[in-house]
Amino acid sequence: LYIGFVVIPAGLVLFGIAMAGSSAFGRAVTWVTISMGAVGLAGAVLQMINPASPSGIVSYLALIVFGFVAGGKLRRLAK
């Protein structure tokens, strides 16, 4: 479970960095992706430090927000 908490937000950060090289995504979506990944990583670290804390939900919420933000942009780019 902790692997998913750490690897997926780290992947979001890396994907955001890769998006920065493309002008099709725009700066806003790029920075939202990077920031959601960073927030998810912070939530995962806090969850590993104190497993009883509810901060692990931040990692899941980051993925949900990313899905809405980047999914809409990717759908528009695909048309």
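As a basis for the values below, the full set of heavy atoms in this structure was taken, side chains included, without hydrogen atoms, waters or symmetry mates. Keep in mind the model is a prediction, meaning the values are calculated, not measured.
- Here the closest non-hydrogen pair linking G4 and P9 is O-CD, 3.6 Å.
- The distance from atom CZ of F5 to atom CE of M48, rounded to the nearest 0.5 Å, is 9.0 Å.
- At a threshold of 4.5 Å between side-chain heavy atoms, the hydrophobic network of Ile, Leu, Val, Met, Phe, Trp and Tyr places I8 and V29 in one connected group.
- A side chain to side chain donor-acceptor pair (under 3.5 Å) check over residues 22-38, counting only residues at least two apart or in different chains, returns nothing.
- Taking CG of L63 as the start and CG of L12 as the end, the distance is 5.5 Å to the nearest 0.5 Å.
- The minimum heavy-atom distance between V13 and G37, with the atom names listed, is CG2-C, 3.5 Å.
- Partners of I49 under the side chain to side chain contact (heavy atoms under 4.5 Å, CB included) rule, at least two apart in sequence or in another chain, are V45.
- Looking at every heavy atom in both residues, A44 comes nearest to V6 through CB-CG2, 4.1 Å.
- Cluster membership for L61 and L46, using ILVMFWY side-chain heavy atoms within less than 4.5 angstrom, is not shared.
- To the nearest 0.5 angstrom, F66 atom CZ is 11.0 Å from M36 atom CE.
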